[in-house]
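Just below is one structure, and these are the notes that go with it.
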Amino acid sequence: MPARRASDHFEPDDNVDPKVQRQLRGHLEQIDYTAYSANRKVLNATLASVDTAKLQSLASATALARTRWVAAGLALAEAEPYPTPGQITALAELRKGYEELAGVYDGLRRMVERGYLTYVAPDPA
């Protein structure tokens with residue numbers, strides 16, 4: 001996933017008329033709002049909200065995937081002087097699984113942070 005850079009956001013240019021800069025900023029804010037609205041609409045139609053139970057399930061699946069990857073790597077290191085190419089490929093697949101699930105967590109957190117999804121906190125009762 002590409003990282004966002006500071007240049008992804010409006011940065012005024014000293015050589016541009018302030019009125020033109022305000023107009024550009026307004027256009028960019030409209031673009032950002034359009035993206036926000038589209039994300040919120042699509043995500044809410046599919047997921048609606050996220051709660052502690054969903055996050056717990058995702059955290060458990062991610063922890064299990066990481067554990068399997070690390071355990072497999074340790075087992076390979078202890079079993080032979082050097083793993084075979086097939087074993088390395090299988091280990092890489094386990095890592096990819098873990099990284100994908102960790103990416104889902106990051107994405108879900110970002111969706112809540114940006115207001116695309118509603119987080120339903122547990123009832124303190």
Side-chain angles (χ1 to χ4, degrees):
M1 176 172 60
R4 291 187 66 104
R5 298 180 303 271
S7 62
D8 290 342
H9 299 283
F10 178 74
E11 295 176 6
D13 183 351
D14 291 337
N15 299 325
V16 178
D17 178 354
K19 181 179 178 183
V20 173
Q21 287 183 13
R22 282 191 300 277
Q23 287 174 335
L24 178 57
R25 185 174 319 189
H27 295 312
L28 294 173
E29 286 175 1
Q30 184 61 43
I31 290 168
D32 287 346
Y33 180 77
T34 300
Y36 165 82
S37 180
N39 274 286
R40 188 161 170 81
K41 180 179 179 182
V42 170
L43 288 165
N44 276 286
T46 304
L47 301 174
S49 65
V50 62
D51 59 17
T52 303
K54 289 178 184 176
L55 290 171
Q56 179 64 43
S57 294
L58 178 57
S60 295
T62 305
L64 180 59
R66 179 175 34 205
T67 301
R68 286 180 178 164
W69 168 51
V70 170
L74 289 172
L76 285 178
E78 294 173 355
E80 300 180 24
Y82 189 77
T84 66
Q87 290 170 320
I88 295 294
T89 299
L91 186 61
E93 287 300 313
L94 290 171
R95 177 186 45 79
K96 285 183 208 173
Y98 159 66
E99 288 176 350
E100 285 300 319
L101 287 168
V104 171
Y105 168 81
D106 290 339
L108 185 60
R109 186 179 188 289
R110 192 168 32 257
M111 290 173 204
V112 171
E113 179 181 22
R114 292 183 177 171
Y116 302 154
L117 284 176
T118 301
Y119 173 71
V120 179
D123 190 8

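Values below: all heavy atoms of this structure, side chains included; hydrogens, waters and symmetry mates excluded. Position 1 is the first residue of the sequence; numbering continues from there.
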Nearest-0.5 Å distance that lies between atom CG in N39 and atom CG in N44: 10.5 Å
Single-linkage hydrophobic cluster L64~L108, side-chain heavy atoms < 4.5 angstrom: no
Point-to-point distance, once rounded to the nearest 0.5 Å, from NE2 of H27 to CD of Q23: 5.5 Å
Donor + acceptor pair across side chains of T89, E93 (<3.5 Å): no
R40 atom CZ, over 12 foreign heavy atoms within 6.0 Å: yes
Value rounded to 0.5 Å, distance of CG in D51 from CD in Q56: 11.0 Å
Co-members of the apolar cluster containing Y98 [side chain, <4.5 Å]: W69, V70, L74, L76, L91, L94
Same cluster (ILVMFWY, side-chain, under 4.5 Å), Y33 and M111: yes
Lys/Arg N to Asp/Glu carboxylate O, E113 vs R110, below 4.0 Å: no
Greater than 12 external heavy atoms within 6.0 Å of K41's NZ: no
Co-membership, hydrophobic cluster, residues Y105 and V50, 4.5 Å side-chain: yes
Separation between OG1 of T62 and CG of L58, rounded to the nearest 0.5 Å: 4.0 Å
Same apolar cluster (I L V M F W Y, side chains within < 4.5 Å links), Y116/V112: yes
CG-OG1 distance between L117 and T46, expressed to the nearest 0.5 angstrom: 9.0 Å
OG on S60 to CG on L55, rounded to 0.5 Å: 10.5 Å
Joint cluster assignment, Y119 & V42, ILVMFWY side-chain distance < 4.5 Å: no
